[in-house]
Protein chains: 4
Amino acid sequence: MQIALAKPITSERFLNIRNRTEQICLSLNSEDVSVQPVDFVSPPKWHLAHTTWFFEEFVLTKNKSDYKIFNKDFGYYFNSYYNNVGERVLRANRGLMTRPTFKDVLDYRAHVNKNMAQFLEGEIETEIYHVIEIGLQHEQQHQELLIYDIKYILGHQISFPTLDFDVKLHPENPNQQFIKIEEGVYEIGHNEDCFCWDNELGHHKVYLHDFEISNRLVTNAEYIDFIEAGGYRDFNLWHADGWDWITNNDITQPMYWYKVSNKWMYYTLSGYKAIEPDRPVSHISFYEAFAFAQWKDMRLPTEFEWEVASKYFDYGQLWEWANSAYLPYPNYTKAEGAIGEYNGKFMVNTMVMRGASAASPQGHCRPTYRNFFAPDNRWQFSGIRLAK
Amino acid sequence: MQIALAKPITSERFLNIRNRTEQICLSLNSEDVSVQPVDFVSPPKWHLAHTTWFFEEFVLTKNKSDYKIFNKDFGYYFNSYYNNVGERVLRANRGLMTRPTFKDVLDYRAHVNKNMAQFLEGEIETEIYHVIEIGLQHEQQHQELLIYDIKYILGHQISFPTLDFDVKLHPENPNQQFIKIEEGVYEIGHNEDCFCWDNELGHHKVYLHDFEISNRLVTNAEYIDFIEAGGYRDFNLWHADGWDWITNNDITQPMYWYKVSNKWMYYTLSGYKAIEPDRPVSHISFYEAFAFAQWKDMRLPTEFEWEVASKYFDYGQLWEWANSAYLPYPNYTKAEGAIGEYNGKFMVNTMVMRGASAASPQGHCRPTYRNFFAPDNRWQFSGIRLAK
Amino acid sequence: MQIALAKPITSERFLNIRNRTEQICLSLNSEDVSVQPVDFVSPPKWHLAHTTWFFEEFVLTKNKSDYKIFNKDFGYYFNSYYNNVGERVLRANRGLMTRPTFKDVLDYRAHVNKNMAQFLEGEIETEIYHVIEIGLQHEQQHQELLIYDIKYILGHQISFPTLDFDVKLHPENPNQQFIKIEEGVYEIGHNEDCFCWDNELGHHKVYLHDFEISNRLVTNAEYIDFIEAGGYRDFNLWHADGWDWITNNDITQPMYWYKVSNKWMYYTLSGYKAIEPDRPVSHISFYEAFAFAQWKDMRLPTEFEWEVASKYFDYGQLWEWANSAYLPYPNYTKAEGAIGEYNGKFMVNTMVMRGASAASPQGHCRPTYRNFFAPDNRWQFSGIRLAK
Amino acid sequence: MQIALAKPITSERFLNIRNRTEQICLSLNSEDVSVQPVDFVSPPKWHLAHTTWFFEEFVLTKNKSDYKIFNKDFGYYFNSYYNNVGERVLRANRGLMTRPTFKDVLDYRAHVNKNMAQFLEGEIETEIYHVIEIGLQHEQQHQELLIYDIKYILGHQISFPTLDFDVKLHPENPNQQFIKIEEGVYEIGHNEDCFCWDNELGHHKVYLHDFEISNRLVTNAEYIDFIEAGGYRDFNLWHADGWDWITNNDITQPMYWYKVSNKWMYYTLSGYKAIEPDRPVSHISFYEAFAFAQWKDMRLPTEFEWEVASKYFDYGQLWEWANSAYLPYPNYTKAEGAIGEYNGKFMVNTMVMRGASAASPQGHCRPTYRNFFAPDNRWQFSGIRLAK
């Protein structure tokens, strides 16, 4: 894996990125950060510690001679899926850990930050810079997951508390247009001298046929039309697995939506409110995105169509479902060791999402970025762009 | 239900009992009190609030004219199984509530305590005294459950933290003797002028045949003999359901026991330590108690045998499994309304336990007390007394 | 265990009992006898073979010198829960066995019958007679289970086929009366010189208080009143476990009942028909029987009350739920070895049923007989007798 | 959907195809054809009836004026996933249907065959011909599934019975070579005047990069090397979902393989035998195929690579896993109505298989054929071809 640095790594840049993680959690209490309401949501405390453990495990213990491990049990607690680095707490049990406490974890962060800042003052080999860069990118990805998980936790409290951190969505362009792209061979993948993940590499060619793609996302108003036209009751619109999913889970609307006294309401991080019709519809699964497109007699774009067309439209409010399974590019090779576990092992049973979201950190929005989720996931900030 | 007061209810007695609940939790942090590691364990925060809600719901809102409800959502949160008093949070979801916080709950307790103390200064009808008495007895039962639940929570932390609250077990009598009881008609049930639960009433006669019963509980040393003789591998000793239970759950020893480097260790609320051979074996299910007795060619006493023989031996370290299903006494009638939901509805699929434990509050140890648990429960302080 | 013979064992008696098993299955086809629609129902083919295996395993291979085992794999297939006699096919997988076929099993029966008939011509030790007696009683118990299982299988076919074997219910006595029994010491258990199961022994005394008991069972008409009065919607009538059971399984009426065009219909072995109001209500669980009695402000009798009162009323149409858990009598000792596995291991989590049913074979109806089922079972021929 | 006829439809061709279905089942008994050992396996009786129902429902009742429906309930029983044609028996309950019997189903087939033969003598509109063609192709697909399902049923009998129908595998070419294909634009999809499924249409271009592909499948001998090198214990070789799958299901070898006394054995439809090292490895999931390729430092081909390269190698022994998710081709449109439910609704969570197998009927082997299975399926005749 060829890793370019996003920007030079200074202790200032390091601490800026690290501090943002804590800022996200600023209005949370000890209970909020410890709970795991459902398997796929990790306690915020876990994110705070896991991202810190990355620097301790892969940078400090290996390279800073006077580094003292904060607590030797933390490696066991806060390893996520790195099977190569020893045992780990089962994902579904993360919410049972009441110790270490929130305060312990903040102390852990301070300890590692101080050591990293010292370490960054010295001379560092290029290869270590690359590991630190990955650590920072990794932390930023967790910042986004952290926001999803916090929304899930707060959105399942009866009192619907708000979060003091800005992740607002803006109205979509009221003038929908379909951009035409011509048949031909196009280039795909990352090809510049800046940071990207291994799954974007393997720059290669694809052949695309004529297609058209919308200049904006589907809005809440349009999605309400779909619901009220019976979209969730017509199995012809759905994949077989999607139909089973809505049937078995009684799904009749996006996550966080409620119909109260015949009025559509939703929970957002700035509170519980009437649904804003001009905002892009969010918290929908791939199954729902697909069914909506079927109902419109259109389809979702492939990830290659999206990448080619992306210079012609705005994006970045919500991750956009592609009708592409997450698979390796030609000549994809995964990195050696624990770092290599990061992407390749998820290349089955997941669908690609392109773009970025209001919850994405700076620098995580680029046309070649490949995000991926299971087709029934919808706690992430997901949206729909139509193609035909 | 005829309810006698345990003792006169003064605000001093009221606050003494209430304060003990908080003392149990004194060394816990916000995370410890919020987690629900498994369905049958409730978060300590929930116990703290639920016992408080009892006084708010059944005493203050009905009888104190100037009472202001602390927070109208709390009835929804902290009702347990009183189906008669409206919707309730599903038992398995109690651990998802991060709000109200620990601090909110302590404020709730202070608010209700203050109002109750004021209320107890005034004149009160006898019937209300009875409800308060039940509320206090109820709180004390929760104090015991609270200790079981805290032990479960702390005992599942990797660091095995201790609790600053005394629940130590003492050595059993080294001289085992079997007390003989003669055949005949005996009287059973509560018959005195002091508080008891409705399930102890219906004073009645039973006919017992000759039997013998041990003067002490089975010790850890004896139980280790059972394990090492292969007791968990010989299905002839077990009920069919017990055998399925140990097989499906890989049960090979009591809860909180570990065999490390060929040495038996256990977790207690005063820490992780080598098993003390002279202490009574605890945290065993009815299935295990039964199998142990089979292995000894003896049996467990029935609850009637236990009650009749109890004046001849010491008890109170651990609840003792009886080979009696929890069923109503002749002429049992359950109380009207929500209070009546308390006992009768559990009179199927549970087994009786007699005595009391080191975790029982004062006044909860009497020969007629009927406790009950499912035959696979073992997070409670349970032990074995043999009969033949 | 002291075993008395029900009647002298001749080859004629032997074959009469054995042939009845086949007569029950006479109108079934190969598919009907092979299916296992749900874990607790065994394929009829399995019953036919398992009862035969008993004689091969416990009588012929041990005592008839020239006996040739029909097929050595059958021991593996057709052992039920006798853990002492080697591995067994898991109960839930019995329906996957397509081989041996129905015809193979009938050949197996003929082979064993022929050998047993020969064997019964010779001189036989008393102890072996006892084993054969148990084998015949065991076969008769399976005849009854066979009828339950066949009803379940046919009752879940869309075409509701009938069975050519008579198990009709008759109208209950239209004049209900309550028989009064006086307080005192009574004798319980088997005490005669004829066959009984080990769980009936341990003849002993019990003390009963005054009670009254109905001279007849609850009828379908009365049960319809309960349903239509909302009995299945009022949690105050139910055990906590019973309420969970009806809620989780959407139970709103007895098994095999259907409300079609506002009319109550049921499936019986003589076909699908309008419910006969004067017949005793059947296919109800312990939970339902208990809730019905609560609704009537009465209760179910204990098994001791039932046994004492049974000489004063008719019984034998349906097994009657007692409010007694199935537990050992004083001085109960289970038989040695595989035969001893029969009863004792089920003495937890089950409730006693007394009497007998229209599906019971001759000689299986006596006042001391203790049948037992889990409180949610209702595919057996179960009914309700009220007490107060 | 543009449907070309595979061959002219005569009553002779019709009956030849139909009779083959019965020939496959010739050595089965009534029990074998009725059982459903696991959700994804349908009872052979169901296949026999369901394929027949297709002609009754879509051809005869709509077009043959004097046609008498054989039994009006059969539509309910034997509809599979055609949600558009009314209620259906839940897939998991197909094994509970003991009625209609095997004989009833054979009578049903004879009735429909006779009517279809009559109908085919008359004049028929082109559109109806197309429906009949689909019915025959559909029946042939079920013939293949039937063989998978029969193997599963017989392979789970303790006696390992054989099937009298030839589906033998032959040795693979001992000389492995890697065929090189050059980078460029290639054409994909069906483009000839003969029958194909809708998922093969949408003839289109793709851009391929240089790759090499094996001239033969992976053999049993090679796969044993993988097992014995610890392939099932090295998580680095597996997808995350694959690792969970082998861990949760204790998978350590292909389906139907057994290691007995240190020797590798397997069940085949011609009996239980020592594994033949030169035959292609079969009954492996996508996860296993992927892990094997990782272990070889190679990969699986994409479906486009496979299609382009297929003119250079032999195939047809086993379906070959592609590293391609099953997704629509550009311009794919699903057919209207019930027939359109056939393919599109499965285009998520499944992986493409290419080629054909020894169990495939004549005419079902063509380079553009797209088969698909879930990544953990392995009861089908699946194999591995390597690429790099």
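Here is how names work: the chains are called A, B, and so on, in the same order as the sequence lines, proteins then strands, and each is numbered from 1.
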For each of D:Pro328, D:Ala374, D:Ser324, D:Pro375, tally heavy-atom pairs with chain A at distances under 4.5 Å, and name the one with the top tally.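 Of the candidates given, the most pairs with chain A belong to D:Pro375.
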**Prompt:** So A:His50 and A:Trp46, would you call those rings parallel, tilted or perpendicular, with 30° and 60° as cut-offs?
**Reply:** parallel
Angle between ring planes, D:Phe58 versus D:Trp53, binned at 30° and 60°: parallel, tilted or perpendicular?
perpendicular
**Request:** Might you point out which heavy atoms bring D:Arg378 and D:His283 nearest each other, and give the distance in Å?
**Result:**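 In terms of heavy atoms, the two residues are closest at O-ND1, 3.0 Å.
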For A:Ser382 and A:Met353, the nearest pair of non-hydrogen atoms, with its separation, is CB-CE, 3.5 Å
Atom group of [X] that falls short of 4.5 Å from chain D, counting heavy atoms:
X        : value
A:Glu183 : side chain
A:Phe286 : side chain
A:Tyr287 : side chain
A:Val206 : backbone
A:His204 : both

*D:Glu305 and D:Arg299: salt bridge (Lys or Arg N to Asp or Glu O under 4.0 Å), yes or no, with the steps?*
CA-CA 12 Å; D:Glu305 289 171 341; D:Arg299 60 178 180 85; 3.0 Å; yes
Can you tell me which portion of D:Tyr326 sits under 4.5 Å from chain A's heavy atoms? Options are side chain, backbone, both or neither.
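It is neither, since no heavy atom gets under 4.5 Å.
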Minimum side-chain heavy-atom gap D:Asn199-D:Met347 below 4.5 Å
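Answer yes - side chains close enough.
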